[in-house]
Number of protein chains: 2
Amino acid sequence: MHAGLFYFRCAFTAAGKRLVKHSIKMENGCEITLSLYCECRFFQLETRSISMRAKPTSFDIAHMAGVSQSTVSRALRNSPLVNKETRDKIQAIAQELNYKVDKNASNLRQQQSRTIALLLFEDPTTDDSKINPFFLSMLGSITRACAAEGYDLLVSFQQLSDNWHADYEDTNKADGLILLGYGDYVDYQDKLHQLQDQNTHFVLWGAVDPNRPGISISCDNFRGGYKVTQHLIRQGRKCFGFIGTADHHYPEFFERFKGHSVALEQAGYQHQPLKLDAISSEEAGKAALNQLLEQQPHIDAVVCASDTIALGVMEALKERGYAVPEDVAVVGYDNILLSNYVSPKLTTVQQDTTAAGEMLVKTVVKMIREEPVEDVILPAEVIVRESCGNTG
Amino acid sequence: MHAGLFYFRCAFTAAGKRLVKHSIKMENGCEITLSLYCECRFFQLETRSISMRAKPTSFDIAHMAGVSQSTVSRALRNSPLVNKETRDKIQAIAQELNYKVDKNASNLRQQQSRTIALLLFEDPTTDDSKINPFFLSMLGSITRACAAEGYDLLVSFQQLSDNWHADYEDTNKADGLILLGYGDYVDYQDKLHQLQDQNTHFVLWGAVDPNRPGISISCDNFRGGYKVTQHLIRQGRKCFGFIGTADHHYPEFFERFKGHSVALEQAGYQHQPLKLDAISSEEAGKAALNQLLEQQPHIDAVVCASDTIALGVMEALKERGYAVPEDVAVVGYDNILLSNYVSPKLTTVQQDTTAAGEMLVKTVVKMIREEPVEDVILPAEVIVRESCGNTG
DNA sequence: CTGAAAGCGCTTACAG
DNA sequence: CTGAAAGCGCTTACAG
């Protein structure tokens, strides 16, 4: 005869019962088939510990606690509706079984995902294997801020050409989007408008442009460019060049350039500021510097729209035999980790990535909650190091 | 009289119909309430473009296409069962409405999530705001590899003390886990065992240790340590020190150290290799170097278990007036971006992060599909730069 | 305070 | 090739 427990894998029927079939071969050759409804599928083999156990569900907990499944659900969500004793008992059982609420079911029911998607995109020309180090440092603070708000973070690298504008929130994979990228603003303007039309919750990192759709968080690019240029002027630099594509395609760079120009103007510079285009890459920086020197060989200060550009500029200057900062001062923007290690150490403008990450997350969470939000401009701080010639 | 379309917000009843109620106040004061069942809730206001539209569902598409919802589902999944014409029509409608399959529903039904969770963890002593740059570079390749396999990536920074061991897969948020971290292996060994007991699909980055539970992907830490030491010996270095906590708590560092020791032994070194503990931080590297110099002031080569440590070591050497590489050669491990920018440029061991990211993702995907998997050891390559004194 | 029931939006076995 | 139906595992309005 058979004795002991049998292990059944079975399916719930509609009412939360499960139909179970199990056949037993008897020693005399007979075969008995059991068909039964049972209320709990969470059996455990006691004799062997083959752990083929399916994951426990709230129905299993309910059965063990002798309450209804609704009560289990309430108890696990700490609803004040349920009796403290019952609640404690249910939670204890859940813990013991290592029960975890199924997020798909819970999200489906609640029509939310408690997830924020971070979409990183860059100019397609950028080397595919490298990510702008500035974004990477934002990533850390965004992840932490998400965790603090109780959201998960879905990360995705996008090409500007991708269909990112219509995927994450529509799929219910995320409740909101954070868009982080350097890139041609004009290229994706349409997509941003589409996001807005769809009432997607999204927040942008970048220039606060009144015509730009949606909400953006940024550092004060204008004042950053202004202050760093002012510093160079005080150091006695006379002949300036700005490197970085600064027009409405790249509004962040444009703001930095505007700050730069105003600083020069206020210092009494007569002529139009010199400006060379470059996207945020070392190669582009090198190429632009070489052009700059052709136009103006007596340059003694180069303001770069990003640290990555500045790295290329310093390299190119060295190759051409210029000493930094003796002959030419160079300043960057972003304060990436590298900028403090290159030689000479790079003077740059710090964007507070911790504050930025927090603001991005907080803002998108507010949007999800349908609370009012507004653009934020965080302060920018000049970090004086060696490449500008004076640490005073 | 009223004319035109009304906008109804309504709920499906069980059969996929929706019960709608709408009251209209007539001019004579009467009020008419309409109660009706309708089959499609995806109405659009034609006169105004207030886009309060709810997201379309497969039922809406079905209604518009004049087919059943099952057929819509099949068509959108490109099932060969459905007639090509019907399929094209359905897909066209879906596209026009910008319909997207709800992932929560689809995942719930299919009991999978098509998501991989990446859990990054570090020693709690590490500065909270900085992430090891090596991980950051892995992150990029993992993200891309996930996308290539059709998986989403959930990112989470963990403390070793957190309850990460039992959260992601149990919650159905992810089908599999990638664990990435430097940290005390002994501390989380228990958790790894628990993961394994739960049949969680997880893959580790790190040392391939036969006693370690689960599958791991790693670079050949032994050969890396061996080869870089051999290079220094060929350069004529005589008096070696190794910096990094190399014991069973940190199996990766331990392997590197073993390679280092064997290289010395083969070169005929008699005495026990000198070894100082340090976790992977600049501060720890500095502190360890200072200790090392007290024990052995005539050191002329320092092998570091990570680039981050090497950075601290170089800094400390400079502070103490030693020239790198003239007085002391320094080598690191990881080839982080910075290592190519510091002065002198750091000789290091490259771990192929692109290949590593791909292997991690491919392996965890195989586990999810219940296919056989095995440990992988990727080759390690010495990158000779300036800090070891010779580029030959 | 608790339970029975409906429903979130899909996928897929089953029956034509 | 197509449709009706069940069911994934929850949450929550409704009724006691």
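So that the names make sense, note that chain A is the first sequence line, chain B the second, and so on, each numbered from 1.
Considering L177(B), V364(B), I142(B) in turn, V364(B) is the only one that fulfils the side-chain contact (heavy atoms from CB on, under 4.5 Å) rule with I116(B). With respect to L204(A), the side-chain contact (heavy atoms from CB on, under 4.5 Å) criterion is satisfied by exactly one of L192(A), I217(A), I215(A): L192(A). Of the candidates L120(B), L118(B), L195(B), L179(B) forms a side-chain contact (heavy atoms from CB on, under 4.5 Å) with just one, namely L195(B).
Along DNA chain D, the nucleotide closest to Y99(A) and the one closest to V82(B) are compared, and the more 5′ of them pairs with V82(B).
Summarising the geometry, the separation between CD on Q69(A) and P on dC8(D) is reported as 12 Å, rounded to the nearest angstrom. Rounded to whole Å, atom C1' of dC10(C) lies 13 Å from atom CG of D60(B). Atom pair H63(A):NE2 and dG3(C):C1' shows a separation of 16 Å (rounding to whole Å applied). Atom pair K103(B):NZ and dC10(C):C1' shows a separation of 11 Å (rounding to whole Å applied). Following rounding to the nearest Å, L81(A) (CG) and dT2(C) (C1') show an atom-to-atom distance of 9 Å. The interatomic distance linking F59(A) (CZ) with dC8(D) (C1') rounds to 11 Å, in whole Å. One interatomic measurement links the two molecules: NZ of K100(B) to P of dC8(C), which rounds to 21 Å at whole-angstrom precision. The distance between atom CZ of R77(B) and atom C1' of dC1(D), rounded to the nearest whole Å, is 18 Å.
Candidate nucleotides dT2(D), dC10(C), dC10(D) were compared by shortest atom distance to the side chain of S106(B), and dC10(C) ranks first. Taking every side-chain heavy atom of L108(B) into account, dG9(D) is the closest of dC10(C), dG9(D), dC10(D). For Q111(B), the listed nucleotide lying nearest its side chain is dC8(D); candidates were dC10(C), dG3(C), dC8(D). If you check dC10(C), dC10(D), dT12(D) against the side chain of Q110(A), the one that comes closest is dT12(D). Of all nucleotides listed (dG9(D), dG3(D), dC10(C)), dG9(D) comes nearest to the side chain of D102(A). Between dT2(D), dG9(D), dT12(C), one nucleotide has an atom nearer to the side chain of A105(A) than all others, and that is dG9(D).
The environment of CD in Q196(A) is crowded: more than 12 heavy-atom neighbours from other residues, nucleotides or ligands sit within 6.0 Å. Other residues, nucleotides and ligands place more than 12 heavy atoms under 6.0 Å from the CD atom of E371(A). For Q112(A), the CD atom counts as densely surrounded, since its 6.0 Å shell holds more than 12 non-hydrogen atoms of other residues, nucleotides or ligands.
Looking at residues 83-95 of chain A, you'll see N83(A), T86(A) sit with a heavy atom under 4.0 Å from some atom of DNA chain C.
A donor-acceptor pair is defined here as one N or O able to donate and one able to accept, closer than 3.5 Å; no such pair exists between the side chain of T115(A) and the backbone of D152(A). For T200(B) (side chain) and F202(B) (main-chain N/O), no donor-acceptor pair under 3.5 Å exists by modelled atom type.
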How far apart are the C-alpha atoms of Y151(A) and D175(A), what are their side-chain angles, what is the distance that settles it, and do they pass the side-chain contact (heavy atoms from CB on, under 4.5 Å) test? CA-CA 9 Å; Y151(A) 279 80; D175(A) 297 334; 3.7 Å; yes

Pair R74(A), R87(A) - check side-chain contact (heavy atoms from CB on, under 4.5 Å), show working. CA-CA 8 Å; R74(A) 289 194 194 96; R87(A) 190 167 62 206; over 6 Å; no

Using the side-chain contact (heavy atoms from CB on, under 4.5 Å) rule, take H63(B) and D60(B) through it: C-alpha gap first, then chi angles, then the decisive distance, then the call. CA-CA 5 Å; H63(B) 181 254; D60(B) 298 317; 5.8 Å; no

Using Watson-Crick and G-U wobble pairs with both distances under 3.5 Å, what is the 5'-to-3' dot-bracket string of DNA chain D, with [ ] for crossing pairs and | for pairs outside the strand? |||.||||||||.|||

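Not one side-chain nitrogen or oxygen of S68(B) sits closer than 4.0 Å to the OP1 or OP2 atom of dA4(D). Note on S58(A): a side-chain N or O is less than 4.0 Å away from OP1 or OP2 of dC10(D).
Residue-level contact check: S73(A) touches the bases, meaning some heavy atom is under 4.0 Å from a base atom.
Side-chain atoms of N78(A) and Q91(A) include a donor-acceptor pair closer than 3.5 Å.
Atom CG of L154(B) and atom NZ of K173(A) lie 11.0 Å apart (nearest 0.5 Å).
Comparing dG16(C) with dT12(C), their C1' atoms sit 16 Å apart, to the nearest whole Å.
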Which protein N or O atoms sit under 3.5 Å from an N or O of nucleotides 13-16 of chain C?
residue	atom	partner	partner atom	Å
dA13(C)	N6	R74(B)	NH2	2.7

